[in-house]
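Okay, structure first, notes after.
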Amino acid sequence: MRLARAALLLVVAAATGCALWASDDAPRPAALIVAPGERFTISLEANHSTGFSWQLAKPLAENVVTLVETTYETPPGAPPGAPGKELWTFEAVAPGWTSIDFAYRRPWEENLAPARLASYSVDVRAGDAP
């Protein structure tokens, strides 16, 4: 049921023009409201064929959210080198607020500024999450 509510939130936000999963050049906080124990996924545009990938820009507040898994997907039948999406799945641990900050870079270029940044604010609420 919680997963269905989270999916509905994403559909409503997309229909109203909210950018929950934006990964453009400017970091944009997005308010995600979830309940403790709920899993949620952030989708970021990426192209691993260029060597770039998303990394956490700072450690997670693991008392609020934890990382469950990351995956990379390309569209079915996409040609080699086509862009795809990185899917980052987190689990809300306990009530609280945190931000999840990402940097899009090549792992071996740690001393260079990231090509892109993305930031998402997460509010974990007991009892009144959507």
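The figures that follow rest on heavy atoms only: side chains count, while hydrogens, waters and symmetry mates do not.
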task: Indicate yes or no: at least one non-hydrogen side-chain atom of Ser49 is less than 4.5 angstrom from one of Pro80.
output: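 No - every pair of side-chain heavy atoms lies 4.5 Å or more apart.
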message: For a 4.5 angstrom cut-off between non-hydrogen side-chain atoms, does Phe40 reach Val122?
response: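 Yes, their side chains come closer than 4.5 Å.
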Taking all non-hydrogen atoms of both residues into account, name the closest pair between [X] and [Y] and its distance.
X: Pro107; Y: Ser53; result: CG-OG, 4.2 Å
X: Ser99; Y: Lys58; result: OG-NZ, 3.0 Å
X: Ala92; Y: Ala35; result: CB-O, 3.3 Å
X: Asp123; Y: Arg125; result: OD2-NE, 2.8 Å
X: Pro95; Y: Ala126; result: CG-CB, 3.9 Å

Are [Y] and [X] linked, directly or through intermediate hydrophobic residues, by side-chain heavy-atom contacts shorter than 4.5 Å (ILVMFWY only)?
X: Leu32; Y: Leu60; value: yes
X: Trp97; Y: Leu67; value: no
X: Val68; Y: Val64; value: no

- request: Could you tell me how the ring of Phe52 sits relative to the ring of Tyr104: parallel (under 30°), tilted (30 to 60°) or perpendicular (over 60°)?
  value: parallel
Is there a donor-acceptor contact under 3.5 Å from the side chain of [X] to the main chain of [Y]?
X: Arg106; Y: Thr50; result: yes
X: Glu86; Y: Ala46; result: no
X: Trp88; Y: Gln55; result: no

- request: Go through the steps for Tyr120 and Leu44 under the test side-chain contact (heavy atoms from CB on, under 4.5 Å), then give the verdict.
  value: CA-CA 11 Å; Tyr120 300 88; Leu44 300 161; 3.3 Å; yes
- prompt: Applying side chain to side chain donor-acceptor pair (under 3.5 Å), which residue pairs with at least one partner in residues 61-85 are found, sequence neighbours left out?
  reply: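 Qualifying pairs: none.
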Gap between atom CG of Asp101 and atom OG of Ser121 - 0.5 Å precision: 10.0 Å
Audit row: Ile42, Phe102, side-chain contact (heavy atoms from CB on, under 4.5 Å) steps and yes/no: CA-CA 11 Å; Ile42 297 175; Phe102 296 96; 4.1 Å; yes
message: Using side-chain contact (heavy atoms from CB on, under 4.5 Å), reason through Val93 and Val124 one step at a time and then give a plain yes or no.
response: CA-CA 8 Å; Val93 175; Val124 180; over 6 Å; no
